[in-house]
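Quick notes on the structure that follows.
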Amino acid sequence: MATIKDVAQLAGVSTATVSRVINRSAYVEPVTLERVEKAIKSLNYQRDARATALASRSNNTLGLLTGNLADPFFALIAKHVEEVARQHGCQLVVVSGGHNAQREKEGLDFLISQGCEAMVVHSKMLDDSMLLRYSAQLPAMVLLNRTIPQIANRSVWVDNRKGAAESVSYLIAQGHRRIACVTSDLPIEDRTDRLEGYRDAMQQANLVVEPNWIINQNFSEHGGELAGEQLLSQCPEVTAVVTFNDVMAAGLMASLHSHGLHVPNDISIVGFDDVLLARYLYPRLSTMHNPIDEMSSHAATLALKLKATGLNPPSEHQFKATLVERQTVASPRKAILVEKL
């Protein structure tokens with residue numbers, strides 16, 4: 001009778017790789033997968049009956065790969081995915097990818113090793129081809145806050161480009177013409193789409209975007225503070241700013257305040273996401289509401305439905321960002337910032 005070692009030797013791989021193929025416990029490259037399966041068939045390898053029964057038993061878990069859980073945006077994702085899991089009597093298994101490709105891959109492999117068939121995946125650093133390979137192995141894997149055309153019916157996302165354009169158009173309608181964009185320094189889809197939305201709105205209004213009006217920093221409170229220093233040193237003439245997210249806006253506001261500038265009398269700010277923090281800043285932050293709560297619930301429900309039924313009809317799961325007007329936008333004053341410095 002053939003053993004797992006025989007299969008590994010014939011396929012030219014380790015016994016650990018054979019085990020991963022048999023148990024579907026981690027991602028295996030398609031070429032290697034095919035080689036191992038061919039060796040199993042050639043040797044007529046039979047698994048231990050008890051192990052087969054254990055592996056085939058339904059695992060009542062829902063997996064979530066997300067970003068930094070210390071960020072209120074990602075905490076909100078986890079909260080709403082967990083609510084859906086609880087409603088369906090599932091255990092939630094959460095891993096953080098930390099916006100690092102290797103950590104995201106390791107996180108997905110861990111979820112697979114835990115028997116998670118249904119998954120909500122918030123991955124920004126793995127490329128499309130890698131995610132498509134995982135999706136081929138995991139028919140109940142749903143992408144959150146990202147879309148890939150080949151699996152658009154398993155992608156839940158917000159139209160970042162239109163949302164960003166609306167925030168800029170709102171500032172233009174208030175009389176602003178010199179508008180800066182404080183954005184992420186990571187090459188992620190959200191950054192690209194929101195930056196394009198900023199450019200769209202400025203172009204639509206026939207406004208020139210000066211190169212120094214686009215500021216790239218880490219999308220954190222500290223990144224927002226650094227952006228404030230950069231804003232004052234390289235483009236003090238701007239009268240308004242749109243930011244990549246609300247936590248950057250919070251850091252930016254703190255930085256401007258430390259330099260004696262008042263929001264919105266001296267400079268107007270619009271954030272993006274509408275996390276809880278935005279409502280309790282002073283002044284309260286005007287922002288684009290990103291319906292990540294609804295999106296997270298929708299993605300989790302879709303993943304569990306796909307696991308239960310296998311049905312995946314062609315459909316789009318696109319959401320819209322909406323403007324929330326609060327207290328950080330006013331018409332520009334005649335004096336420009338440079339006169340205050």
Side-chain angles (χ1 to χ4, degrees), residues 158-217 219 223-253 255-256 259 261-274 278 283-290 320-341:
V158 67
D159 192 332
N160 281 297
R161 186 168 181 167
K162 284 187 178 179
E166 185 176 345
S167 70
V168 176
S169 296
Y170 169 58
L171 289 169
I172 293 171
Q174 304 307 308
H176 294 278
R177 297 295 180 267
R178 293 166 294 184
I179 303 169
C181 178
V182 170
T183 187
S184 166
D185 60 357
L186 285 179
I188 57 178
E189 184 180 28
D190 296 23
R191 176 194 186 274
T192 301
D193 290 346
R194 292 178 192 179
L195 189 53
E196 286 178 349
Y198 163 75
R199 293 184 184 279
D200 289 345
M202 294 292 279
Q203 184 177 20
Q204 182 69 27
N206 295 315
L207 297 175
V208 174
V209 175
E210 299 296 339
N212 58 324
W213 289 0
I214 298 173
I215 297 172
N216 304 292
Q217 288 290 348
F219 59 95
E225 285 190 279
L226 294 177
E229 299 295 326
Q230 201 171 339
L231 180 79
L232 294 175
S233 65
Q234 74 182 37
C235 51
E237 71 278 7
V238 301
T239 63
V241 185
V242 290
T243 64
F244 179 77
N245 61 17
D246 294 340
V247 294
M248 289 194 85
L252 175 64
M253 288 169 64
S255 178
L256 295 175
H259 284 276
L261 297 175
H262 185 272
V263 176
N265 291 344
D266 294 315
I267 188 164
S268 292
I269 297 176
V270 180
F272 204 111
D273 285 337
D274 193 26
R284 297 187 178 190
L285 181 65
S286 297
T287 186
M288 296 303 298
H289 176 72
N290 182 352
K320 179 183 177 183
T322 53
L323 179 67
V324 180
E325 297 183 56
R326 292 197 179 102
Q327 300 172 331
T328 55
V329 174
S331 297
R333 297 173 67 178
K334 291 182 181 179
I336 61 175
L337 290 182
V338 70
E339 294 172 353
K340 291 182 65 71
L341 299 178

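- Contact check for Met202 versus Val168: side-chain heavy atoms found under the 4.5 Å cut-off.
- Residues Met253 and Leu285 form a side-chain contact, since some pair of their non-hydrogen atoms from C-beta on lies under 4.5 Å apart.
- Heavy atoms only, all atoms of each residue included: Ala180 and Val238 are closest at CB-CG1, 4.0 Å.
- In this structure, the side-chain contact (heavy atoms from CB on, under 4.5 Å) partners of Gln174, at least two apart in sequence or on a different chain, are Tyr170, His176, Val329.
- Using a 4.5 Å cut-off on side-chain heavy atoms (C-beta onward), Leu232 and Leu261 make contact.
- Summarising the local packing, CD of Glu210 is surrounded by more than 12 heavy atoms from other residues, nucleotides or ligands at distances under 6.0 Å.
- With sequence neighbours excluded, the residues that form a salt bridge (charged side-chain N to carboxylate O under 4.0 Å, His left out) with Asp274 are Arg326.
- Between Ser268 and Leu171 the shortest side-chain heavy-atom distance falls below 4.5 Å.
- A distance of 8.0 Å separates CE of Met288 from NZ of Lys320, quoted to the nearest 0.5 Å.
- Without hydrogens or angle criteria, Thr328 side chain to Ile269 main chain gives a donor-acceptor distance under 3.5 Å.
- Residues meeting the side chain to side chain donor-acceptor pair (under 3.5 Å) test with Ser169, sequence neighbours left out: none.
- In this structure, Phe244 CZ and Asp185 CG are separated by 10.0 Å, a value rounded to the nearest 0.5 Å.
- Put simply, the side chain of Glu229 reaches to within 4.5 Å of the side chain of His259, judged on heavy atoms.
- Judged by distance alone, with hydrogens and angles left aside, the side-chain atoms of Arg177 form a donor-acceptor pair with the main-chain N or O of Ile172 at under 3.5 Å.
- With Asn212 contributing its side chain and Gln234 its backbone, the two residues share a donor-acceptor pair below 3.5 Å.
- For the side-chain contact (heavy atoms from CB on, under 4.5 Å) with Val242, the lone residue among Thr287, Val270, Leu195 that qualifies is Val270.
- Between Arg199 and Val209, the closest side-chain pair of non-hydrogen atoms falls below 4.5 Å.
- In this structure, Ile179 and Trp213 have side chains that are not in contact, with every pair of non-hydrogen atoms separated by 4.5 Å or more.
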Steps toward side chain to side chain contact (heavy atoms under 4.5 Å, CB included) verdict (Leu231, Ile267):
CA-CA 11 Å; Leu231 180 79; Ile267 188 164; 3.7 Å; yes
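- More than 12 heavy atoms of other residues, nucleotides or ligands lie within 6.0 Å of CD in Gln327, so this atom counts as buried by the packing criterion.
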